[in-house]
2 protein chains.
Amino acid sequence: MNERSFIIHTFEANRGCVITGSKRKNDKYHRILEAAIKVFADQGFYQSTVSQIAREAGVADGTIYLYFKNKDDILIQFFRDKTKQVFESFRKAVQGGAHAEGKLRQLIRLHLKAFQDDRNMAVVYQQETHQINRPAEEQIREMSKMYLDLLSEIIEQGQEEGSIRKDLYLGLVKRFMVGAVDEVINTWLHSRIEYDLAAMADPLVELMIHGVGVSRKNTERK
Amino acid sequence: MNERSFIIHTFEANRGCVITGSKRKNDKYHRILEAAIKVFADQGFYQSTVSQIAREAGVADGTIYLYFKNKDDILIQFFRDKTKQVFESFRKAVQGGAHAEGKLRQLIRLHLKAFQDDRNMAVVYQQETHQINRPAEEQIREMSKMYLDLLSEIIEQGQEEGSIRKDLYLGLVKRFMVGAVDEVINTWLHSRIEYDLAAMADPLVELMIHGVGVSRKNTERK
DNA sequence: GGATTATGAATGAACGTTCATTCATTTATC
DNA sequence: GATAAATGAATGAACGTTCATTCATAATCC
């Protein structure tokens, strides 16, 4: 942990210069990261070997240690950079929305779309977030909090607007929403047949808002 | 998979004689299984060693191979026996209920309670069900199907009774419910503070049935 | 401009360790 | 005493990590 000597300086420098001339170095960092995520997705983190990652990335085994402290660090960087970035993009996209329901729909639509478009990310995310004592513990906690905070904002806005009930235990509502989305993704990942994940967004949000029960006023909906 | 030679006969015989005189054998099988689940829960399946399991169970390393084909087989037996059994107990308990909503509440209450009472089981269950290419793939699929079928029955009954909407995409509704429960459990597992998991059942079911939207608002439809 | 030197990214064989599995031997049972 | 169960040291394959070496490119010198 404290022995992050020159190696770290090296790759932190690399990650810094996205636009500078030394494009080759930067490419390699990202190439290794992406290769690793593919291998992790295929085999799981602990069954993946550094050699496999190196082969997938088209570099030598040793090269990986010029860019990452160790195998764990690859996973940590994945959550620190890639996933966090995706979740930040959700935040930005949602800020434009008007009413709470629209924001919620937009968030979940984006979430499903992002995971559908990057299946490897989705697999690794699912795997690691359901692990105890995982290498990227702290990064996942942070990212998770970011998402939950975003949900909090939306829900509270909905309560002010009068579209969302006020007698809710917020902590539970958020888990309820996150869980539903996660499970829809998980089912998609494990399904043998292919279907459009993003198309689940609208009916899912509809369920979250109205529930499965028959409302007292309308016996027949739709 | 096809090399299940004499070893399998051995432990299948053991598992058969629950009530017979040879109680000691049976004890050892379950002792190892329980020890393994504890170790898996603490460290994760792939970081756990057979020696650790043996030490935890109070037997020699080699003894494990008298009862299980290999390390993977321990996990497979866990899902084939223990977890499946728990889920079957849900089914029995729910059959007594009257209306659909009561059954749903009962199911989720039991689910949360069972997982709260056996934290090791809960951890291993969470870990493995979110893995791709897991050793117990088939067993998990089967168990998952059992749970989903149970939900199907309840929902369909609710639709007949008029308490559950008929315009629902059943496959999605089931994921929505399973996901919410799973996430509540997952949060509980990862929480640094202790709280009563089973107490979440009622508010959770309430959310599933009525959603987060204000109920008067049936005028607005999307 | 051409020759010489310095640099550090990249390599991949080698190392040390870990760990699932085996099996010759011991212990328990009847 | 014969059979079955249990043991745990031994085995060897697998894997994360290291490091001496290579070599293309950059810097320096005349």
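What you see is a predicted model, and the numbers here were worked out from it, not measured in a lab. Basis for what follows: all heavy atoms, side chains included, without hydrogens, waters or symmetry-related copies. Letters A, B, ... mirror the listed sequences (proteins, then strands); counts begin at 1.
- Listed by chain and residue number, B/Asp149 satisfy the side chain to side chain donor-acceptor pair (under 3.5 Å) test with B/Lys145 (two or more places apart in sequence, or in another chain).
- A salt bridge is absent between A/Lys38 and A/Glu34: the closest approach of a Lys/Arg side-chain nitrogen to an acidic carboxylate oxygen does not fall below 4.0 angstrom.
- One atom, OH of A/Tyr29, and another, C1' of C/dA9, lie 18 Å apart when rounded to the nearest Å.
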At a cut-off of 3.5 Å, list every protein nitrogen or oxygen paired with a nitrogen or oxygen from nucleotides 11-17 of chain C, distance to 0.1 Å.
{"unit_1": "C/dT11", "atom_1": "OP2", "unit_2": "A/Ala60", "atom_2": "N", "d": "2.8"}
{"unit_1": "C/dT11", "atom_1": "OP2", "unit_2": "A/Thr63", "atom_2": "OG1", "d": "2.3"}
{"unit_1": "C/dG12", "atom_1": "N7", "unit_2": "A/Gly62", "atom_2": "N", "d": "3.3"}

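- Here C/dC19 presents its P atom at 16 Å from CG of B/Asp72, a figure rounded to the nearest Å.
- For the side chain to side chain donor-acceptor pair (under 3.5 Å) test, residues two or more places apart in sequence or in another chain that qualify with B/Ser152 are B/Lys174.
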Under 3.5 Å, sequence neighbours excluded: what are the donor-acceptor pairs made by side chains of residues 53-60 of chain A?
none

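- In this structure B/Gln43 satisfies the side chain to side chain contact (heavy atoms under 4.5 Å, CB included) test together with B/Val39, B/Gln47, B/Ser48, B/Gln52, sequence neighbours excluded.
- For the pair B/Tyr65 OH and C/dC23 C1', the interatomic distance rounds to 13 Å; values are reported in whole Å.
- The distance between atom CG of B/Asp73 and atom P of C/dA20, rounded to the nearest whole Å, is 14 Å.
- A ring-centre distance under 6.0 Å is not found for A/Phe45 and B/Tyr46.
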Expected list for residues 106-114 of chain B: side-chain donor-acceptor pairs under 3.5 angstrom, two or more places apart:
{"unit_1": "B/Arg109", "atom_1": "NH2", "unit_2": "B/Asp202", "atom_2": "OD1", "d": "3.0"}
{"unit_1": "B/Arg109", "atom_1": "NH2", "unit_2": "B/Asp202", "atom_2": "OD2", "d": "3.4"}
{"unit_1": "B/His111", "atom_1": "ND1", "unit_2": "B/Tyr147", "atom_2": "OH", "d": "2.7"}
{"unit_1": "B/Lys113", "atom_1": "NZ", "unit_2": "B/Asp117", "atom_2": "OD2", "d": "2.5"}

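- B/Arg119 is linked by a side chain to side chain donor-acceptor pair (under 3.5 Å) to nothing, counting only residues two or more places apart in sequence or in another chain.
- With axes fitted over five pairs at each extremity, the angle between the ends of the helix from C/dG1-D/dC30 to C/dC30-D/dG1 is 20° (10° resolution).
- Spacing between atom CZ of B/Phe68 and atom P of C/dT21 amounts to 13 Å, rounded to whole angstrom units.
- Residues of residues 32-48 of chain A that place a heavy atom closer than 4.0 Å to DNA chain D, in numerical order, are A/Ser48.
- When the C1' atom of C/dT21 is taken as reference, atom CD1 of B/Ile74 falls 12 Å away, rounded to whole Å.
- Residues satisfying the salt bridge (Lys or Arg N to Asp or Glu O under 4.0 Å) criterion with A/Glu138, sequence neighbours excluded, are B/Arg192.
- Distances shown here put every side-chain N or O of A/Tyr67 at or beyond 4.0 Å from the OP1 or OP2 atom of C/dA9.
- Residues forming a salt bridge (Lys or Arg N to Asp or Glu O under 4.0 Å) with B/Glu153 (at least two apart in sequence, or on another chain): B/Arg91.
- Under the rule for a side chain to side chain contact (heavy atoms under 4.5 Å, CB included), the partners of A/Ile132 that lie at least two apart in sequence or sit in another chain are B/Val123, B/Gln127, B/Leu189, B/His190.
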